4 protein chains.
Amino acid sequence: MPVEFTSDMPIYLQLIRLVRQGVASGELVPGSRLPGVREMAIEYGVNPNTVQRALVKLERDGLLYTERTAGRFVTADAARIAAVRGELADRQIDDFVRQMKSLGYNCRQLLETLEKKWSDHNGDD
Amino acid sequence: MPVEFTSDMPIYLQLIRLVRQGVASGELVPGSRLPGVREMAIEYGVNPNTVQRALVKLERDGLLYTERTAGRFVTADAARIAAVRGELADRQIDDFVRQMKSLGYNCRQLLETLEKKWSDHNGDD
Amino acid sequence: MPVEFTSDMPIYLQLIRLVRQGVASGELVPGSRLPGVREMAIEYGVNPNTVQRALVKLERDGLLYTERTAGRFVTADAARIAAVRGELADRQIDDFVRQMKSLGYNCRQLLETLEKKWSDHNGDD
Amino acid sequence: MPVEFTSDMPIYLQLIRLVRQGVASGELVPGSRLPGVREMAIEYGVNPNTVQRALVKLERDGLLYTERTAGRFVTADAARIAAVRGELADRQIDDFVRQMKSLGYNCRQLLETLEKKWSDHNGDD
DNA sequence: GTGGTCTAGACCACC
DNA sequence: GTGGTCTAGACCACA
């Protein structure tokens, strides 16, 4: 499972996104255990502290919880997951709309372009 | 023209966005001259170096050009403007689509949500 | 007797609190015998080592004593119990007063707030 | 300004408490700038990262904010400060009441003891 | 074994 | 100069 990190964003943020995607997409099933910090650190070729940092943030967001000495787990609270997903999406869309508006797009243009883009992406999904 | 800068993003990026928005929206007309670095610095209450950095970047993007001794101007090349705008939009959309996909959205959901969001934003535009 | 353990505090501390509360409230009568380590471990669903650690600590505090081959007992020394209780309370109050002072409370405010809080708690006791 | 750190609590938590007390007590005036991380690290004899960690947490709580490249400041929002103080106090009192109840105290005893303790503390304040 | 904390020292972006 | 990020490696409490 090779993952590339871009250098224009903190690694820990990229890790967060990675996990979040996993949870939102159901790839990481609710209630399941994550690999330990050290394990993940090796897997992704980063420092354990960096992994730790990412996971702590995800915990604060309520997407993970830690069971002392047993490891970290994906929250089993489906509502919580949905809520987090909703918040994320909301902010994303909000930013996006703001940006596209500032670039002079109107609603119709945007929707069209977006639809086209979406099909393009279907290939590499 | 009071502008607020958030402190969680480099100011020079916020300046860039400001200018870009001006050009894309037509507020800054093609071929028109920009205020000098020092003027802008005072106007926005930031360091001249910061303004400089933003303008240099915009020049590299082809949105501005410098005429020695005369000042900086908005490019008059409409195609260039459109191209820059297109690139920007393209990257934005690309990222956006990728993100929303990873959050489990499908095309229809996205378009609907987006349309609703768009009207919400019309108020504060 | 279902007990929930929060995972943000060592379990052994939670066990200690449990026993202490039992003794202070009289639920665990002085001189009575406690279940064995293994029994308690099963009852609470924790590791026997964890139970052991808690009980040893309570012994050091003088709240329990071990009679070889017979088991562990709640101390029958009423004065001892009172003393332990006093010490505990003392430290709690001490810390509490220090904290509230540092938050800018004065004596009257504190007493009032506390009294109100106390009644609120009466419900779930 | 010599400060001692006890070893039974993470240093970063002790730092947090320190700053919080400063803000709540008004010793750190709203809007004023804090020493830089490196500076504080030296002053308290800890690692800059540890200081950083504490300050980031306080930021998340809304008690501080950082101004890019200028430093960290105490929030000027009096309501925010009050709110934070209130939350803190509330949780403190809550825990305290719960504990004292489990030690078999009743309301009158508690208030009396507390009042006495309060005067004792007046000396070293 | 797990996660939690800490240090020392480094590099970066920004102003 | 500021804060932000990252690494390497250590020690601890807990189960």
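Just so you know, these numbers come straight off a predicted model, no measurement behind them. Each chain gets a letter, A, B and so on, in the order the sequences are listed, and its residues count up from 1.
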Using 30° and 60° as the class boundaries, would you call the ring planes of D:Y65 and D:F73 parallel, tilted or perpendicular? parallel

Do any side-chain nitrogens or oxygens of A:R72 fall under 4.0 Å of OP1 or OP2 in E:dG4? yes

Euclidean distance, C:L18 CG relative to C:E27 CD, rounded to 0.5 Å: 8.5 Å

Using atom CZ of A:F5 as one end and atom C1' of F:dT5 as the other, report the distance to the nearest whole Å. 14 Å

Measuring from atom CD of C:E67 to atom CZ of C:R33, what distance do you get when rounded to the nearest 0.5 angstrom? 10.5 Å

Would you tell me if any nitrogen or oxygen in the side chain of D:Q52 comes within less than 4.0 Å of OP1 or OP2 on F:dG3? no

Searching all strands shown, indicate the nucleotide that pairs with F:dG1 (Watson-Crick or G-U wobble; both distances under 3.5 Å). E:dC14

Could you state the CG-C1' distance from D:D8 to E:dG4, rounded to the nearest angstrom? 15 Å

Tell me: CD of D:E59 to C1' of F:dT2, nearest whole Å? 13 Å

Rounded to whole Å, CG of D:L64 lies from P of F:dG4 at a distance of 11 Å

B:R72 bridged to B:E59 by N-O distance under 4.0 Å: yes

In whole Å, I'd like the distance from the CG atom of C:L15 to the C1' atom of F:dA15. 12 Å

Which whole-number value in Å describes the distance from D:Y65 OH to F:dT2 C1'? 15 Å

Length of the CD1-P vector between D:I42 and F:dG1, whole Å: 11 Å

Go along nucleotides 10-15 of chain E 5' to 3' and tag each nucleotide: B for a protein heavy atom under 4.0 Å from its base, S when only backbone or sugar atoms are that close, - otherwise. ----BS

Taking CZ in B:R38 as the centre, count heavy atoms belonging to other residues, nucleotides or ligands within less than 6.0 Å. Is the count above 12? no

Any carboxylate oxygen within less than 4.0 angstrom of a Lys/Arg side-chain nitrogen, looking at C:R91 and C:D95? no

